[in-house]
Amino acid sequence: MNKVFLLTKIQLLGFFGVNKLVHAGDSKSRLRAAGMGLVALMVGLMIVFYSYMIALGYAYIGLVEMVPAIIIVLLSIITLFFTLIHSSGTLFGFSDYEMIMSLPVHRSAVIASRLLTVYLGNLLFGGLVFIPAMVVFMRESGSPAVLWLSALVIWLLAPLLPMIASMTIGALITAFSVRFHHKNLVVILLNFGAIIGVMALSFCMQSENGEFLTDLSTQLGQAIGRFYPPAALVTSALWERNVLALIAFALLSVTAAILFVFLLSKVYTRINTALSARHNHAAYHVTTLTTVSANKALYRRELKLLISYPIYLINTCIGAVLMVASVLGLMIFGTEQLAVMLELPGLQGILQYIAPFFPALFVVMSSTTAASLNMEGKNRWILSSLPVSTKGIFNTKILVNLTVLLPPIVVSDLALAMTLSLNFLSTLMLFVTPAVYAVFIAVAGLSANLRFPKFDWQSPQQAVKQSMSVMVTMLTGFVTIAAPAALIFAFPKQSQLITVAATLVVAVITAILYHSLVMFKARGFLN
Amino acid sequence: MSEILRIEHLTKTYGTKKAVDDLSLSINEGDLFGFIGHNGAGKTTTLRSAVGILDFEQGSIIVNGHSLLDEPLACKQVIAYLPDNPDIYEYLTGIQYLSFIADIFGVGKIERETQIAEYARRLEITSNLGDIIGSYSHGMKQKLALISAFLHKPRLLVLDEPFVGLDPSAAFQLKEMMKEMCDKGGAIFFSTHVLDVAEKLCSRIGIIKGGRLIACGNTEDVRGDSSLEDAYLEVLDNE
């Protein structure tokens, strides 16, 4: 067990560059870290507020007993989704694999340490969601203070089941993909499929919830229980104060984790060996070579970088995939049926007002540039020693981001234009606004990555998932969507004016950010 | 002989520690300049500064008549650099990487085919050029990085410990390639811990200690009547 903690500690020291900051941080780095901390604090406070309000909402409509189950389901879906996105990079293919496996530690200890690292992250996030909701539940249900002990146990165990489910899916995808020559492509496709599956599942649950929301709490409880049975155990443990239910939830969670570690340890080396195996032909002859311009060579290399790391591509392009999937869903079901399913009677009207911001919402989730400098990692000496300008490198990175975003934007907007009946200006903005947001998020991502670079990663997962630049970019993106959307909800009659104005503002911000980017000197960002 | 690299009063600080302290040297056409010193003496910092990878606080660096600070691209166009650890794009095949470098430097089709075929043959890596670099051993990556460095016929080659990881045959070929380049008017600035190699190969030697250049000159002048190893230890002791 001690070795598990030692291995976990080593991984945690690399998180967000904390160790480097403590031992080698200069005043500039410390200032940057303070900024990062502030952003993290803001995000944390937003989550706490959101969770508290959800719980309060349920209590307000007289469904306080459902709060634990609702929160557990919400937490589980989020944990499932985010763990799925980075599970393969956590368990498999990390660069210090050979060094770690050469140490006198059991395979299960290595797996457990990887699991523990993800668990701690999920636990922290879970606390932000679970504890505020429990405060409401305890207060509104008049529960005794001793029940906090049960709540504590549930908080500690809640991440395990969705984590294990996600990691099992991730492990199966990896184990399956290693059989193929183009394993990265298989990993990418299967992961996108799994993520869309999870989204569809949560969407189904939402519609089921909506159906019962106005009904009795027992019916809602049954619906949640059908969807996620452990949530019923949580309700029983906290509402009925059933100790046996608590024990059953604990046993289920811990057994799943132990079983996962045990079973994976049987095939762990085999999967990792297959993953690191390369198809060598050793039969190359220099024949005819083609030549391209320096800019095209940079672009090709950047595109190859993106598709060569599944974790990078999945995390940064998921928005583009979800955008197409959502719009196609909208097209297939139609706004009227969707309005019934989501219990949102005014959906058609809402969509007409905010139509350009619907694809733009997914656009701001797709910044390949936010981690593009991180991804240079130890190879960054190559770009910095080549006779290429900083501007040229930045333009290439922005262009790759637009390559990922613009085709899905066109497809989605065509589908949206056919689904919604919009006037000329709204149809025009349907194309212009998401395109402007695409350029914005590409430039903003690069700008954030310049300020919060992370080059010393051991696995690409660290470069993408543990990067402050990615978090800052997403947060900035959401703010730029939320602000005009809120204005449109407040002044729906001025929606077109607000859309045009917001698009112009974002375009101006993009131009300013781009100007500041190209002022950076080459040595400044790759040192 | 014209000057290819001139470093004047170079100072580079990490925090409060001076990694390179007021270092000046110049390298001319045909020079094979060996840079020796203990670990942490400032060799790599000097080399990285000379190729424009590392920013520095004081001093100036002139490459082929261009200021590295004012005209970095003009300088980099005539430089090739090889770091001590050849971390190259593992997601590309060897030939894709070489083509990328050739495209960036604008090497023509025929010339690149000839150059790649020739250097790959000499370093015995031709058959592996179609494989993903991630499958290469350290030595193979080193060979590939060396081909990429020679490929565009740089005027100045800056190498950090180039012999580490090479098999004896490749090490011999590299020495030959280095001599050929200098015979054709190029210049090489390289660091090494292998004093025998430096003594036999280099026309000029620089010794660095604590960030300061404590000896610099023709190899014969630096070593005097003793071996380079003895001279090196003596110079270090006297400082």
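Worth knowing before you read on, the calculation uses all heavy atoms, side chains too, and leaves out hydrogens, waters and symmetry mates. Numbered from 1 within each chain, the chains take letters A, B, ... in sequence-line order.
In this structure, the side chains of Lys304(A) and Phe100(B) stay at 4.5 Å or more apart for every pair of heavy atoms. The side-chain heavy atoms of Tyr89(B) and Ile382(A), taken from C-beta on, include a pair separated by under 4.5 Å.
Looking at Asp103(B), its side chain does come within 3.5 Å of a backbone N or O of Val292(A) through a donor-acceptor pair. No donor-acceptor distance shorter than 3.5 angstrom exists from the side chain of Arg301(A) to the backbone of Leu92(B), with no hydrogens or angles considered. Between the side chain of Trp381(A) and the main chain of Asp87(B), a donor-acceptor pair closer than 3.5 Å is present. Between the side chain of Lys109(B) and the backbone N or O of Thr288(A), no donor-acceptor pair lies under 3.5 Å.
Proximity to chain A is limited to the side chain of Tyr97(B), based on heavy atoms less than 4.5 angstrom apart. Residue Ser99(B) touches chain A through its side chain alone, counting heavy-atom pairs closer than 4.5 Å. For Ile95(B), the part sitting under 4.5 Å from any heavy atom of chain A is the side chain, from C-beta outward, and nothing else. Proximity to chain A (any heavy atom under 4.5 Å) is restricted, for Ile101(B), to the side chain, taken from C-beta onward. If you measure heavy-atom distances from Ala117(B) to chain A, the contacts under 4.5 Å come from both the backbone and the side chain. Neither the backbone nor the side chain of Val78(B) has a heavy atom closer than 4.5 Å to any heavy atom of chain A. Residue contact with chain B, scored on non-hydrogen atoms closer than 4.5 Å, is absent for Ile307(A).
Contact detail for Gly108(B) and Thr291(A): the closest heavy-atom pair is C-CG2, 4.3 Å. Scanning both residues, Pro387(A) and Ile104(B), for their nearest heavy atoms gives CD-CG2, 3.9 Å. Contact detail for Phe105(B) and Leu386(A): the closest heavy-atom pair is CE1-CD2, 3.5 Å.
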>> Show, in sequence, the C-alpha distance, side-chain angles and deciding distance for Ile79(B) and Ser385(A), and conclude whether the side-chain contact (heavy atoms from CB on, under 4.5 Å) test is met.
In response: CA-CA 8 Å; Ile79(B) 299 177; Ser385(A) 65; over 6 Å; no
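Other residues, nucleotides and ligands contribute more than 12 heavy atoms inside 6.0 Å of the OH atom of Tyr14(B). Counting non-hydrogen atoms of other residues, nucleotides and ligands closer than 6.0 Å to NE2 of His38(B) gives a total of 12 or fewer.
Atom OH of residue Tyr91(B) and atom CG of residue Leu305(A) lie 4.0 Å apart, to the nearest 0.5 angstrom. Between the OG1 atom in Thr290(A) and the CZ atom in Arg112(B) there is a gap of 7.0 Å [rounded to 0.5 Å]. Considering NZ of Lys76(B) and OG of Ser384(A), their distance stands at 6.0 Å, rounded to 0.5 Å.
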